[in-house]
Each structure stands twice: as C-alpha cells, then as structure tokens.
Number of protein chains: 2
Amino acid sequence: MAVTMNDVARAAGVSLKTVSNVLNDYEFIRPATKKRVQDAIAELGYEANLTARSLRSGKTRMLGLVLSDLSAPYYAELASRLMKAASRRGYRVLVEQSDAVGGVELNALQGPFRQLTDGLLFTPLVIDADAIADRLGRKPLVLLGEHILDPRLDLVTMKNGEAAAALTAHLLAGGRRRIAVIGAHPEESVGSAGLRLNGYRKALEEAGVPFNPELVAPCEWRRDNGAAAVAGLMDRSVEFDAVFGLNDVLALGAMHELLIRGVRVPQDVAVAGFDDIDEARFASPSLTTVSPGMEEIAERSIGLLIDRIEGREAAEQAAHIEAGFQLKVRESAP
Amino acid sequence: MAVTMNDVARAAGVSLKTVSNVLNDYEFIRPATKKRVQDAIAELGYEANLTARSLRSGKTRMLGLVLSDLSAPYYAELASRLMKAASRRGYRVLVEQSDAVGGVELNALQGPFRQLTDGLLFTPLVIDADAIADRLGRKPLVLLGEHILDPRLDLVTMKNGEAAAALTAHLLAGGRRRIAVIGAHPEESVGSAGLRLNGYRKALEEAGVPFNPELVAPCEWRRDNGAAAVAGLMDRSVEFDAVFGLNDVLALGAMHELLIRGVRVPQDVAVAGFDDIDEARFASPSLTTVSPGMEEIAERSIGLLIDRIEGREAAEQAAHIEAGFQLKVRESAP
DNA sequence: GCCAACGTCTGCAACGATGTATGGCAGGAA
DNA sequence: TTCCTGCCATACATCGTTGCAGACGTTGGC
C-alpha cells in the first residue's frame, strides 16, 4: 500500500510524531534529525494522506465556490482566476453549480459541500441575507459580486450602479435618448440586475431624460434571451436607439438579432454590455462594455476568505470591498 | 460540536455500528430498529462526516478533471456538463487547470490531486501516453477529447479527423479553393490540432486540391491568436478565400480581424470553426462549425469513469469511445 | 550542587467513520 | 432436548494523521 508516516519514522529511526513535526515545520528540531526525516521521505516517496490530515485537523484546504452556471463566460473566467489565486496560496477550489435554484444554494451553505471546504465564496442568486446569516455556522463565507449588503456578511463586489450609470451616461453623451435595457429582474430581491438598472435610471435622471418602462425588457441572463428581447421590442414596434444589455452575453445576443434584422450597429442602434468578457473585444462590431475589475475581485475575495480561515482577519466586522471599474468604449457604441 | 454517529447511536439506543449499517443500507435490520435510528438522525440533524468516511473507505466520491484553462469556452461548457452528469450519479468534480504545462499535468496524475479523487478525467496537452501509463496507479483514468490512442488507456473523444474533413469538404463544395488553416501545432506530438489538420488535408486530397503549407498558420488556441494569424497572412499577401479555425475561438478571432480589415464574410472569405460553443450561434455573422457531441462525451466519459471506479466495467480492455459529430452550417460559410 | 529553563523528541489519545468477527436469539429439524 | 440455521446487533480494530502532555538530557544561574 501507500507509504505512511510510520514507514518514514521507522526508516529515519525517529518517532511518528517527529515526522509529523518535520512536515508541519515545528520549530524545535535538530537540523540533523530534520535531514534524516527528509531523506527518508524522499527515499520512500512518502506523500501525506490528505484525508487523514483533514480528519484530524478539521481543515481541508479547499474553498467552495457557488455560482449558478460555470458555462456562463463571466463565471468561467471568474472561476479560472479564483482557482489560480487560491492555488498560489495553497488552496484548491471546489465548484458547485446552483442553476439559480434556491434549494441548491441552501444545500451548499449547510450540506456536505460545506463540510468539504474550509470556506465559501458564494454568489447568491435566489436566497437572501437572512437565509445566509442563519446558516453561517463557524466557517467563513464571502459573498461575491452581488448586491446583498448586510452588516453580518463579508462581501466583495463591483460598482454595479456606478458603472451602469457611467455606461448609460456614455450612451447619452453619444446622443442616444431611447435606451432599451435588457435583462431586468423585476421579481428578484437580490442580484446585480436591480443595481445596474438603478444606475441606468440615475444616469437618465441626471441627464433629464424621462424613464420609459416600455424600454425595459425583463429576462434571464442568457444569449438567446438577449436576442429574443430585442425581437420582442421590435415586434411590438418599440422605438429605441441604443440597447444596454445588463451583461455581455445579453448584449451580444441582442446585437446578433439587430444585425440579422438589418439594423446597423452602431449607426442605427448602439449596443453596450457589462462584464467585459473575453469575447466582447472580438465581437463584430466589438462590444462597448464595463470592465468590473474581475482580477481585483478574484484576488481580494480569495485573500479575504483565506485570511478569515486562517484567523488573520479580525472577525468582528464584516468587510465590504468594491472593485474599481473601467468603461471600455468600443465599436458598438463609440 | 457536530453530531456524530455516536450521538445518534446513544439517542437511538443502539450501537455505533448499527447506525453505520442503517446508513449503508445493510440488509438485516429490523424495521423498528431502522426507524429508531432514522428518527434519531432526523432529530439530531446528523450528517455523515465525509472526511472520516473517506479515510476509512478510501473513497472520496470526487472525480478529478484536468484541463488547460477553464476560461476557454469549450472547456467551460464541457466542465459544466461533466459536473452535472457526475452530480446525477452522486459524485463531485474537482477541476485542476494545467495551463498546458507538463509539470502540472504530471502532478495531477500522481500528486495530492490524485489522492483527493477516485478517478480522473484527463485532457493531456503536453505529456504523452507513456508518461500517463507509467503513472496510472490503481485509480481509473479516462482520457478526454484528445488524440492519444493507446491500448492501455480509456479514451472518450470526438471524430476530430472525420469532422474536420466534412467541414473542409463543405467549404470546398462552396467553391473555396484556398482554405487557410489557423491553429496548427506543428511541434505537438499529442492533441486535436494534428488530427483536425489531417482531416483537412484528406478532404483536400479527395477533392484534388493541392495542399499549400503557406496557408497553414500555427498558433495557440486563443482568440487573439486567431486574429493575429489572419493579420499575418494578409500582411504577407497570402491569398485565401476561406479560413478554417481549428477551434471556434480561433475562427471568431479570425473573423473579427477580417471584418475590421473590410473583408466581407462570407462573400470574400468564408469562415468556419470547430466546437460549436454557445457563442458560435450568436456571432455576427453566425459561425459555421462542427458540433462534436459534447453532451455525449460528457455523459459517456462520466459513465465510463464511474463504472470503472465502482468495478462494474471489466478492466481487461481499454474502452475507446468516439462521439458522433454534426456539421452546423451557418452564415459565415453557407 | 541543585533546580529551573530550555530544546528536542516521544507516546498516547483522539478525529469519525467502516470491516471483520462474533454473540445472542428465535424457530425448525433431528 | 439438542443442534443448526438465519436474522439482527455488537465489540474491537483500523484508516493515517495531529494535539497534548510529558520525558529526557543539557545548560545556566545562583
């Protein structure tokens, strides 16, 4: 079978515990002893049994990441970055897809998934702050990218409202007055959709442009819905000179539908999105959007979570971190 | 602290082992006893400790997935599907990004990552069959989507060559004669690039069109490389009437560069890709490509791996599974 | 010359589950 | 009655680690 610490101990002529001490960088070990142990480890090809270590120590060195769907480009890019950031600090990331189903979200908070991880990065789409706080337990949890702002909960997010306002202001500055918004979630109590829509309204207000509910199309954030929403607006003969997709895939879906219908982008209708996924730069025309500081979000959320886990960060107060954003002006809305 | 089996046993007035037996569906338990135990479990809110179970049983009920980069749309979509397929069978998936670095690939095969998982789904990009077979160990491993065909190794893949040939034939049938290929990996001994390129050459040959090495642009499979490759060809005044991106993001990057330079797609140059990522349908123009049967690949690779793990599949012979493909003819190459 | 302090190492008892062996008890056959 | 068989439950050892308490020898202060 596999080599155990006992084998190493025997080979090095020391006790089991001394091997453990060497592995855990215990301070008081004679260099000679340490070397003997290390040599034995190398010779036998010993590798620590992570399961046993976890059972004994109660730590798994895994972080949980709960998001709705890994195949959404924004989440895929975020997950990739989070995993790299975690890896640099000696942690792994275990991903759970909730499909925006409340039951799955709750399960991730308290079920086996929680057990397997030392802490959670959580993108709640359905459940609310109280539901989360009630199930917090002893393990740290950092909310990611959504709008729950609760004094009990750590949060790393983006400037949803501010960025959406800046983007809308840019469209207004380009002379657009009837800006359709795609992807609103009117029924949803939590989520970025509301914040981004608020930013949009605020920018309109500041420009003295009246808000027109007819221009707001609610739908889930998928490409095909973006296309369908534009189709719906046009079929109902709603007039618009710009489309603000509340995220990039919506905007790209919308743009596709516009081009199919012979609407020129940006001449007839400007299109803008939110997220700055890799694809936005290479769309045709390339997509004007907001870069929400994903690298910063990944780095800081992993950093915060691990600090909490390792007890470096005082737990008295929840941290609320907002990454900076950048407007990316491209061809679709110059 | 957490509720343990011992607490449940005490509450139900039975022994520890009886609780374990109930949990593991042991046959001979009196219904009354079973009920007492189940009631105690429900009342105390007991949840099995997965770490302890793993230590004792040697199983983690986690599958490892090794791929180069989760932010690549094809891998993101594949990972999402694999995770769902695994979840349906009671397994989780732990993802490891290799960044196509050989050392990371080797580590995933034998290091701690292997320990944490009961079996591996592995997309080798750098290391070869011998390196894998040497490190096989006792845990099952299924190769995914790449071209290593080794009698010792299970493999679930797509019809790379056949599909590439069909796609090329479609371009030829459309009257294209100078079909540029983007994303070849001349130095690489393993990988889909070679197979797809072969398919392309075979189709040319069958159509009696001479192969022109000048039309083959080697590069890594990233969007920006697709764009750069087209720029390179045009700057060198290489003439072509079609572009075959060896995967979709290359094709999309290429298409973007063409459109920027005022080349009309498909009138002047047809563009085709490979993978049928979600984005392909919504690009403008929409992308002609090959759908490699991802759902089938996900379902069958997970099925095979779990069968191996649970000993249902005779280990004598390696399985070689090829999913069917479909040509998706869209606007970019009608 | 004694005791305390220090540095180094060890033994034992967990962590929470499962496998093996075995112990009772009931009912039927001998 | 006695033995066997089938069902149900238990005790004990075990998986491979780490935490805790302490042992041992050396050193240094007084």
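A, B, ... follow the sequence lines: proteins, then strands. Residue 1 opens every chain.
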Using a 4.0 Å heavy-atom cut-off, does [X] contact any base of the nucleic acid, only the sugar-phosphate backbone, or nothing at all?
X       : value
A:Asn21 : base
A:Ser54 : nothing
B:Thr4  : sugar-phosphate
A:Leu55 : base
B:Leu16 : base

Measure the distance from [atom1] on [X] to [atom2] on [N] and round it to the nearest whole Å.
X       : N      : atom1 : atom2 : result
B:Leu44 : C:dG16 : CG    : P     : 15 Å
A:Lys34 : C:dG7  : NZ    : C1'   : 15 Å
B:Asn24 : C:dT20 : CG    : C1'   : 15 Å
B:Arg36 : D:dC8  : CZ    : P     : 13 Å
A:Glu47 : D:dC15 : CD    : P     : 19 Å
A:Arg53 : C:dA17 : CZ    : C1'   : 20 Å
A:Ile29 : C:dT10 : CD1   : P     : 10 Å
A:Arg61 : D:dT17 : CZ    : P     : 16 Å

Between [N] and [X], is there an OP1 or OP2 to side-chain N/O distance shorter than 4.0 Å?
X       : N      : result
A:Tyr26 : C:dT10 : no
A:Ser20 : D:dT17 : no
A:Arg30 : C:dC9  : yes
B:Thr18 : D:dT10 : yes
A:Asn49 : D:dC15 : no

TODO: Would you tell me whether B:Ser68 and B:Asp99 have side-chain atoms, one donor and one acceptor, within less than 3.5 Å of each other?
DONE: no
Open item on the list: Under a 3.5 Å threshold, yes or no: a donor from one side chain and an acceptor from the other, between A:Ser15 and A:Thr18?
Closed with: yes
Task: B:Lys17 vs B:Ser57, nearer the 5' end of DNA chain D by closest nucleotide - done: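 Nearest-nucleotide comparison on DNA chain D picks B:Lys17.
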Task: B:Val14 or A:Tyr46, whichever maps to the more 5' nucleotide of DNA chain D - done: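 The residue mapped nearer the 5' terminus is B:Val14.
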Open item on the list: Less than 4.0 angstrom from a charged side-chain N to a carboxylate O is my criterion; do A:Arg88 and A:Glu299 meet it?
Closed with: yes
Open item on the list: I'd like to know if B:Asp130 and B:Arg152 make a salt bridge, using a cut-off of under 4.0 Å between side-chain N and carboxylate O.
Closed with: yes
- [ ] Could you tell me whether the side chain of A:Arg56 has a donor or acceptor atom within less than 3.5 Å of a complementary atom in the base of D:dT17?
- [x]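 It does not, because no donor-acceptor pair links the side chain of A:Arg56 to the base of D:dT17 below 3.5 Å.
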Task: Minimum-distance nucleotide (side-chain atoms of B:Thr33 versus D:dG16, D:dA9, D:dC15) - done: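 Given the options D:dG16, D:dA9, D:dC15, the side chain of B:Thr33 is closest to D:dA9.
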TODO: Can you figure out which of C:dG7, C:dT18, D:dG16 approaches the side chain of A:Ala52 most closely?
DONE: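 Nearest listed nucleotide: D:dG16.
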Task: Spacing of B:Asp154 atom CG and B:Thr157 atom OG1 [to the nearest 0.5 Å] - done: 13.0 Å
Open item on the list: If you compare all heavy atoms of A:Asn49 against all heavy atoms of B:Gln115, which two are closest, and at what distance to 0.1 Å?
Closed with: CA-OE1, 3.5 Å
